[in-house]
Number of protein chains: 2
Amino acid sequence: MQLRTLEIFCEIARRRSFSKAAETHGVSQSAVSQAVHQLEQQLGVQLIDRSTRPLSLTSAGDTFHSGLVEILGRYHRLAEEVSSAGREMTGQLPIAAIYSIGLSYMPDAKEEFARLYPDVDVRTHYGSNEVVIKDVIAGHAELGLVSFPRSSKEIVAVAWQKEPIRLVCSPAHTLADKTEVKPKDLDGLEMVGFESSLELRQMIDSVLRRSGVRIDFQNEFDNADSIVRAIQVNESAGFLPEAVIRREAANGALRVVACRALSMTRPLGIIFRRSDRPSRAGYEFGSMLLGRPLEPDREKRSSGSHRKAATNPSLDNQTSIVA
Amino acid sequence: MQLRTLEIFCEIARRRSFSKAAETHGVSQSAVSQAVHQLEQQLGVQLIDRSTRPLSLTSAGDTFHSGLVEILGRYHRLAEEVSSAGREMTGQLPIAAIYSIGLSYMPDAKEEFARLYPDVDVRTHYGSNEVVIKDVIAGHAELGLVSFPRSSKEIVAVAWQKEPIRLVCSPAHTLADKTEVKPKDLDGLEMVGFESSLELRQMIDSVLRRSGVRIDFQNEFDNADSIVRAIQVNESAGFLPEAVIRREAANGALRVVACRALSMTRPLGIIFRRSDRPSRAGYEFGSMLLGRPLEPDREKRSSGSHRKAATNPSLDNQTSIVA
DNA sequence: TTTGAATTATAAGTTTTCCTAATGGTGTTT
DNA sequence: AAACACCATTAGGAAAACTTATAATTCAAA
């Protein structure tokens, strides 16, 4: 019996969904289905009643679930206690982060961490989202700070915060004088943007499409810094994460234009390898950033109420439109 | 993390030996070594100190072990509770047994069980040791009653009892008048015996060899009943399990000759599939036979004392010489 | 110290298990 | 009823675990 199978079953019980559980564990829905089937087979008991939607637990399933929560909790605490013996709060802590986080959050975080744990040597390496993920998988970095965090078989992702995306333009741009614009004011404009292969760009496109706004992205780049410079040089405009343009906005090099109907955020997250849990230092660093213990995301169960969320649920962890 | 890995680690901690733990779990020593290595890797801590013999647990290993005992115990109880929900005390209970057990123990056991659980239909099928094992693996029988029980990857074996092996002969045989003989009195005799491929025969051979007795097994059979008849027809002698010759010994058709120096027993055991635990009925039947709950064998730890056992430890579960 | 017995580690290859992708079937909703 | 969201099933491929064979240790005895 795989320990993971038991965790998955618990997740199913909590979320009342095979597919949701599959997602947070970074495996396919099929894998989850088979795992549960095998579990039921071995116990010789039906644990889940699939004849209803959303699914419900049988009484055996309910007993099993509440027992497991207790047991798995104990196991995790035990493993944590035991493995912390070999994990000192000294040595190097390699962290990989995307550029924007590196510029905006890391300096403060490193300083704060150095005060708390002076014996840890935090090493930071900056790169694109993909590079960060690769670094973590390869073990070159213990923690990764990424956008659009997603769990996979190799990686555990923890949601951190949602960073606002701002509409900015050069001071010489048509929009520069306005403090607030309507979506239709943007229709047909030329802008500088991210490459269309990037997730952030796809999110922006989808929001624009839904608002009926056509933007002409004539110049595309794979990183935010180049976009900033292009906007300045070409006296153009674009959508950028707030952290990237904070300095330019403050010193007037760029103008931030509000457009309430188009407010967007991109999710930032912390990732680490699934196989070997992070070192003590890594754990503490992550917890410090989060302001809570560094544990995998778990959706709280909706308490009785059956109201639907206002936003598209399929985008829950991907983007959100700030009203 | 494999649940089995944790069980194996506990077994190692109990027995203070990789290879012993491997044996009771029916896997190779290599598999155990690799499993523990992986476990240590994932926890990032050394659990076992291999630089000493017998091995010892590190302090982390000790903490982990005592925690696991508790946790695994809870899990087993939970699984038992949950799975018992789907296991009724009715229906068929297919059991496979070797001939000798079938003749001697099963009739009484079936009767007793029928009294306790009248709704269970116990079906018995008799065959050679190998056939019984195959039946259990194939799922045709839920329980198997075998000699020389051994755990494997597919099968869990529980020791049941040690059946005495008797030296018997036809009433017309030279030995028939003696009630007690010395090993040397047997030297050079002709006998009827089991095929040399059978484990029981190999055990007998090894005991004879150690006593310096040469026996000429001119006729060999693959089952005890044929041997009984051959002994009678040929006015010969042979070694046979007690249960097999009980009737003949009682009615004088065969004579039992004591030979203290050559006293032997063969271990009998109950087996069942490792993958899906036996049904409630199977569990109860096995427990009734054993006189204790049907649980895998676990050797008690020698309490502090470091004395060596008198008998050859490698034969502990295989045979024993009754002093 | 060397030799031997017993035990664990390691390597290579095989088997088993698990997972993914694709697809089919079933409740729910519109 | 059609569309939808969800779970089951299947087949094939990827990963994990296991086995056999062999090397390296430890401990004990010569």
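Side-chain atoms are counted along with the backbone in the values below, which use heavy atoms only and exclude waters and symmetry mates. Below, chains carry the letters A, B, ... as their sequence lines are ordered, and counting in each starts from 1. Note that the coordinates shown come from a computational prediction; the quantities given were computed from them, not determined experimentally.
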TODO: Rounded to the nearest 0.5 Å, what's the gap from CG on Leu57(A) to CD1 on Ile48(A)? Could you check?
DONE: 6.0 Å

- [ ] Take atom CD of Glu7(A) and atom C1' of dC18(C), then tell me their distance rounded to the nearest Å.
- [x] 17 Å

Task: Ile137(B) CD1 to dT16(C) P, straight-line distance once rounded to whole Å - done: 12 Å

Open item on the list: Both Ile8(A) and Thr52(A) contact DNA chain C. Which one's nearest nucleotide lies toward the 5' end?
Closed with: Ile8(A)

- [ ] With side-chain hydrogen bond (donor to acceptor under 3.5 Å, both in side chains) as the test, would you mind laying out the steps for Glu23(A) and Ser19(A) before giving the verdict?
- [x] CA-CA 6 Å; Glu23(A) 200 177 322; Ser19(A) 12; over 6 Å; no

- [ ] Would you give a per-nucleotide map of nucleotides 1-17 of chain D, 5' to 3', where B means the base has a protein non-hydrogen atom under 4.0 Å away, S means only the sugar-phosphate does, and - means neither?
- [x] ----BBBBBB------S

Open item on the list: So that I can tick it off, tell me whether Arg274(A) and Glu7(A) are bridged by a salt bridge, with the cut-off set at under 4.0 angstrom between side-chain N and carboxylate O.
Closed with: no

Task: Whole-Å distance separating the CD atom of Gln42(A) from the P atom of dT17(C) - done: 10 Å

TODO: Find the distance Arg274(B):CZ to dC18(D):P and express it as a whole number of Å.
DONE: 11 Å

Open item on the list: Regarding Ser279(B) and Glu142(B), do their side chains bring together a donor and an acceptor under 3.5 Å, going by distance alone?
Closed with: yes

Task: Nucleotide dT8(C), atom C1' - distance to CG of Leu57(B) in whole Å - done: 15 Å

- [ ] Mind telling me whether Phe9(B) and Phe64(B) have parallel, tilted or perpendicular rings, with 30° and 60° as the class edges?
- [x] tilted

Task: Heavy-atom neighbours of His37(B) NE2 exceed 12 at 6.0 Å - done: no

